[in-house]
J.: 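So that we are looking at the same thing, I have put the structure below in structure tokens.
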Amino acid sequence: MSFKVPRGTQDILPEQTAKWQKVESVLRELSRVYRYKEIRTPIFEQTELFQRGVGDTTDIVQKEMYTFEDRGGRSLTLRPEGTASAVRSYVEHKMFGNPDQPVKLSYMGPMFRYERQQAGRYRQFVQFGVEAIGSADPAIDAEVISLAMDIYQTVGLKDLKLVINSLGDKETRDAHRTALIQHFEPSIGEFCSDCQNRLAKNPLRILDCKKDHDHPLMKTAPALTDYLTESSAKYFDQVKKYLEVLGIAYEVDPNLVRGLDYYNHTAFEIMSTADGFGAITTLCGGGRYNGLVEDIGGPDVPGIGFAMSIERLLLALEAEGIKLDVEDGLDLYVVAIGDEAKLKSAELISSFRAKGISADMDYVDRKMKAQMKSADRLGAKFVIVLGDTEMEEEAVNVKEMETGNQEKIPFHDLVNYLLENK
Ligand code: ATP
Ligand code: MG
């Protein structure tokens, strides 16, 4: 019997984790400066939360959820996204009563969707996302978008495109919905069965269909932007103005409708335009969801957020040939010859580590030459060799591997020497 990772999942091996941690540190640092405080919610929730919060007509709820019954007969679902959980927690903990509004939250962790596996599409993936709940100010829409852009720019991506749209308010959506039904109904037989269901339930979702997106009626479909009410149009103009002030370039795509049911007003996506990124180019998606908090049992409070996966961010880096500047180097390798020296080596290493100097030694009884090779492979900045002479003199040559320079340092000065030179 041999075992493999489940389809659509992956092991992140030690050689890759440094990259992940680097990205995570950028995400944490930018969350700090934009002031989106991290929230950690359970990996599974009541199934109904997602049916409500994500929407019954979405692909996620219809075919992508990992739903199971626990031993107590409750229906639970591995979270497919983070917004519903964040909003559930916001309502449960009555954050709408906080003196400081909007409440700005960030999250990072695994999400689960039963999807067809392909590059950039996994069944378990890590999303970072933010939510700003409690403000209907176009300035916060621009802040959320600029945080997402800032993340990609900070890791070094250049081939980026920001696409925005407005889905308008309820009046906009109702008028547009009627127009869509009129547009698609006569020929709905030519569309997939999902679209046929969508026609009555949520015709906007037809525009987001992955199967039928080349059907000629898609191009001529009534655009939401033509149905924007005056106040929606004004809101959208304000968002654009703020983006301009922040120096963020964007394109308006009237056909951009996001995958989740609850979006209104601002919707946006950030894509990679790098050659070789592959078929899936969306790095990040987000938008405004006024109404969601109320749907989940809270007061009528507006919100906006985005989500991005770290997997796609890393793919974009690869496509642009960007190597992250990761620090996983080894400061010092101690080569020890003989039992005495080995004891001393353990003692020294422990004093180095106590000062934050990364240090390692041999634990498999290798000869000196093999230990030296190890030090080299591990990329040690310094190497010291402890043998009888060094033990007698209580001093050791510290060799800098890159230059070959050596300096003799007494044992009791080693920590300081390394701290100054590492
Ligand atoms: P898509 O159209 O690619 O299916 P979506 O509308 O389902 O995207 P969202 O639910 O908005 O995507 O998720 C936001 C972001 O999460 C995406 O832009 C992408 O970066 C990432 N993401 C979504 N699904 C996956 C997945 N299966 N594997 C890796 N990353 C994903
Ligand atoms: Mg999807």
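Numbering of ligands and ligand atoms starts at 1, following listing order.
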J.: If you count the atoms of ligand 1 from 1 in the order shown, which ones are under 4.0 Å from a heavy atom of Arg121?
T.: 1 (P), 3 (O), 4 (O), 26 (C), 27 (N), 28 (N)

J.: What residues form a salt bridge (Lys or Arg N to Asp or Glu O under 4.0 Å) with Asp169, not counting sequence neighbours?
T.: none

J.: Compare Glu269, Met308, Glu115 and give the one whose heavy atom is closest to atom 27 (N) of ligand 1.
T.: Glu115

J.: Answer yes or no: does atom CZ of Phe44 have more than 12 heavy-atom neighbours from other residues, nucleotides or ligands under 6.0 Å?
T.: no

J.: Is Arg113 near ligand 1, meaning one of its heavy atoms is under 4.0 Å from it?
T.: yes

J.: Please walk me through it: do Asp159 and Thr273 pass side chain to side chain donor-acceptor pair (under 3.5 Å)?
T.: CA-CA 5 Å; Asp159 302 336; Thr273 55; 4.7 Å; no

J.: Can you find a non-hydrogen atom of Glu81 under 4.0 Å from ligand 1?
T.: no

J.: Kindly identify the option in Arg312, Arg123, Met111, Gln117 whose heavy atom sits closest to atom 17 (C) of ligand 1.
T.: Arg312

J.: Taking 4.0 angstrom as the limit and counting only heavy atoms of Gly120, give me the atoms of ligand 1 inside it, by number and element.
T.: 28 (N), 29 (C), 30 (N)

J.: Please work out whether the ring planes of Tyr235 and His265 are parallel, tilted or perpendicular, with thresholds of 30° and 60°.
T.: tilted

J.: Which of the numbered atoms in ligand 1 are under 4.0 angstrom from any heavy atom belonging to Gly285?
T.: 18 (O)

J.: If you draw a 6.0 Å radius around CZ in Arg35, do more than 12 non-hydrogen atoms from other residues or ligands fall strictly inside?
T.: no

J.: Has Lys210 got any heavy atom lying under 4.0 angstrom from an atom of ligand 1?
T.: yes

J.: Please list all pairs passing the ring pair (Phe, Tyr, Trp, His ring centres under 6.0 Å) test where one or both residues lie in residues 125-147, with sequence neighbours left out.
T.: none

J.: Look at the rings of Phe268 and Phe306 and say which category their plane angle falls in: under 30° parallel, 30 to 60° tilted, over 60° perpendicular.
T.: perpendicular

J.: Is there at least one pair of N or O atoms, one from Glu311 and one from ligand 1, spaced under 3.5 Å apart?
T.: no

J.: Is the shortest N/O to N/O distance between Leu283 and ligand 1 below 3.5 Å?
T.: yes

